[in-house]
Amino acid sequence: MNILELRRKLDNGLSSEKLFNECVEAAKKSQVEYNPFVTIMNKYEKTDSNSLLSGIPYVLKDNISTKGILTTASSNILKNYVPVYDATIYEKLKKAGAVLVGKTVLDELAMGGTGTTGHTGLVRNPWDRNRQIGGSSAGSAAAVALGIVPFAIGSDTGDSVRKPAAYGGVVGFKPTYGRISRYGLFAFASSLDHLGIFARNVRDVTIVTDIVKGHDERDMTSLPDDDKVYLDIIDNDVKGKKLFYIKEALDNASEEILDNFNKVIQKCNDLGIEVKGESIDKDLLLAIYPAYMAISCAEATSNDANLNGIHFGVRGEGKTPDEIITDARTKGFSELIKRRFIIGSYILQRENQEKLFLNAYRVRRMIVDKINELFKEYDGLIMPAAAGIAPKFDEKSDKLSDKYLILDNHLCIGNFGGYPSITIPSGFVNDMPIAINITGRIKEDYIVLNIANKIEGTMEYKDQVARGGYNV
């Protein structure tokens, strides 16, 4: 059931504790086949509240700080870490009376898009166990797709909420940078990191956003309150809105993806939304992925320098600090993470900063400037959320063709510019879900949610639960 359905049942006598116990049992069952959880809660805890979320179960990605609850970031180096403070988003959800069911698996330290590198094992797609759910917010996406909980919290640095949502047949929303406080989120790449929300429809995502957004004095990047109730806006008429898509990004799209996208465009037209194709220099589009990798690896290398077995992390063995750090990091990180740290360290070396680090930021600025120029005329960007369906585990994840470099990586634009961006299910290909993505101007989260809600209403894919789901 979605949030409002559960709200009605709870108001009519359903026990919140009974609901929690059912969710816990479903979570435990899911572990055998899908492995979404690092920690499943064994104790019901709820704060009294009149919020719509009072008594509603949910899950948190395991890179969000929870006092007294194991928080590993799915990395061996933090496998025993228990925080001494709560993240702001967790505080707000507790205050609203939401009930935490568990902490979910991610790609190690949120670096990756496959859901296969967490220290507790890979996460399987509920629609097909032989396929990836995507990452890094793999467990959160799977828990919602399985019907264990109506919503989940993830983080998004390049597409880590929106791509798993696409592969899992659910809704994934990344608000404007700073709209939700990141205090208590383990930093990956601070200039790109966002907290985001999974649910099975746009209305539920909006309900949660209204509760967790707002300024936080502990996060200097958090935005001032916009004093809007997004739930009151999402049903507004969208006639006269204008969206664009990037022509070059569709050049190598599959026939099935293009056919679905064209059908969505027709539904937009029926709503009175004008959709037009716009051209962007292909060389600039091809630079999105390398610029993202350069920036994210460099920032991650800096942010995670404290994971050394001395300040944080499982203690290494050795007689000197250098030996302790080397041992802790050798044992504590997977090969993928080590490679990213090596890349980041290389980029940050003094002799490489101008050519690699600063040039990546210049590319980012060029992309953002181009999108902002188009946003002067349009209310948002609409695109297929991915180049295809969720890949199988034995398929390569690094596709170097033009098709994959642009269409599969364009969601990074939302992080480059800090734009609000949402993925909603739009159909099926080979019995696997596919989706579209809508990205809008900064601080216009309510417009993005409004457009997404109206488009969602023309289709039949909201509130869907995967074939392997539990329908709690």
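Values below: all heavy atoms of this structure, side chains included; hydrogens, waters and symmetry mates excluded.
Taking 4.0 Å as the cut-off between side-chain N and carboxylate O, D445 and K228 do not count as a salt-bridged pair. The existence of a salt bridge linking K242 and E377 is confirmed by a sub-4.0 Å separation between a basic side-chain nitrogen and an acidic carboxylate oxygen. Using a 4.0 Å cut-off between charged side-chain N and carboxylate O, R218 and E91 make a salt bridge. Taking 4.0 Å as the cut-off between side-chain N and carboxylate O, D226 and K213 count as a salt-bridged pair. K94 and D86 are joined by a salt bridge, as a carboxylate oxygen and a charged side-chain nitrogen come within less than 4.0 angstrom of each other. A salt bridge links D235 to R203: at least one charged side-chain nitrogen sits closer than 4.0 Å to a carboxylate oxygen. Using a 4.0 Å cut-off between charged side-chain N and carboxylate O, K174 and D156 make no salt bridge.
Applying the side-chain hydrogen bond (donor to acceptor under 3.5 Å, both in side chains) rule to T120 yields no partners; only residues at least two apart in sequence or on another chain are considered. Y230 is linked by a ring pair (Phe, Tyr, Trp, His ring centres under 6.0 Å) to nothing, counting only residues two or more places apart in sequence or in another chain. Qualifying ring pair (Phe, Tyr, Trp, His ring centres under 6.0 Å) partners for Y90, counting only residues two or more places apart in sequence or in other chains: none. A search for salt bridge (charged side-chain N to carboxylate O under 4.0 Å, His left out) contacts involving E444 returns R441, not counting sequence neighbours. With sequence neighbours excluded, no residue forms a salt bridge (charged side-chain N to carboxylate O under 4.0 Å, His left out) with D281. In this view, K338 and E335 satisfy the salt bridge (charged side-chain N to carboxylate O under 4.0 Å, His left out) rule, not counting sequence neighbours. Listed by chain and number, the residues in a ring pair (Phe, Tyr, Trp, His ring centres under 6.0 Å) with Y292 amount to none (sequence neighbours excluded). Partners of K267 according to the side-chain hydrogen bond (donor to acceptor under 3.5 Å, both in side chains) rule, which considers only residues two or more places apart in sequence or in another chain, do not exist here. In this structure, the side-chain hydrogen bond (donor to acceptor under 3.5 Å, both in side chains) partners of R365, at least two apart in sequence or on a different chain, are D369. For the side-chain hydrogen bond (donor to acceptor under 3.5 Å, both in side chains) test, no residue two or more places apart in sequence or in another chain qualifies with E373. Legend: residues meeting ring pair (Phe, Tyr, Trp, His ring centres under 6.0 Å) with F37, ordered by chain and number and at least two apart, are absent.
The backbone N or O of G102 lies less than 3.5 Å from no partner atom in the side chain of T39, so there is not a single donor-acceptor pair. Checked by atom type and distance alone, the side chain of N415 pairs as donor or acceptor with a backbone atom of T157 at under 3.5 Å.
Ring planes of F244 and Y378: tilted class, angle from 30 to 60°.
In this structure, the ring of Y419 has its center less than 6.0 angstrom from the ring center of F375. Between F198 and F151, the ring center distance fails the sub-6.0 Å criterion.
Within a 6.0 Å radius of CD in E460, other residues, nucleotides and ligands contribute 12 heavy atoms or fewer. The 12-atom threshold is not exceeded at CE of M366, counting heavy atoms of other residues, nucleotides or ligands nearer than 6.0 Å. Other residues, nucleotides and ligands place no more than 12 heavy atoms under 6.0 Å from the NZ atom of K443. Atom NZ of K263 sits in a sparse spot, with 12 or fewer heavy atoms from other residues, nucleotides or ligands closer than 6.0 Å. Counted within 6.0 Å of OH on Y85, heavy atoms from surrounding residues, nucleotides or ligands total more than 12; the atom is thus considered enclosed.
Side-chain polar atoms of E248 and S279 form a donor-acceptor pair below 3.5 angstrom. If you check the side chains of E108 and S75, you find a donor sitting under 3.5 Å from an acceptor.
Screening S74, S137, S140 for a side-chain hydrogen bond (donor to acceptor under 3.5 Å, both in side chains) with K61, the sole residue that qualifies is S137. When V144, N201, D463 are each tested for a side chain to side chain contact (heavy atoms under 4.5 Å, CB included) with V170, only one passes: V144.
A heavy-atom distance below 4.5 Å is found between the side chains of L146 and P36.
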Would you give me the side-chain donor-acceptor pairs under 3.5 Å for residues 426-436, sequence neighbours excluded?
from: S426; atom 1: OG; to: N260; atom 2: OD1; distance (Å): 2.7

Check against side chain to side chain donor-acceptor pair (under 3.5 Å), N262 and Q266: CA-CA 6 Å; N262 288 328; Q266 183 56 56; over 6 Å; no
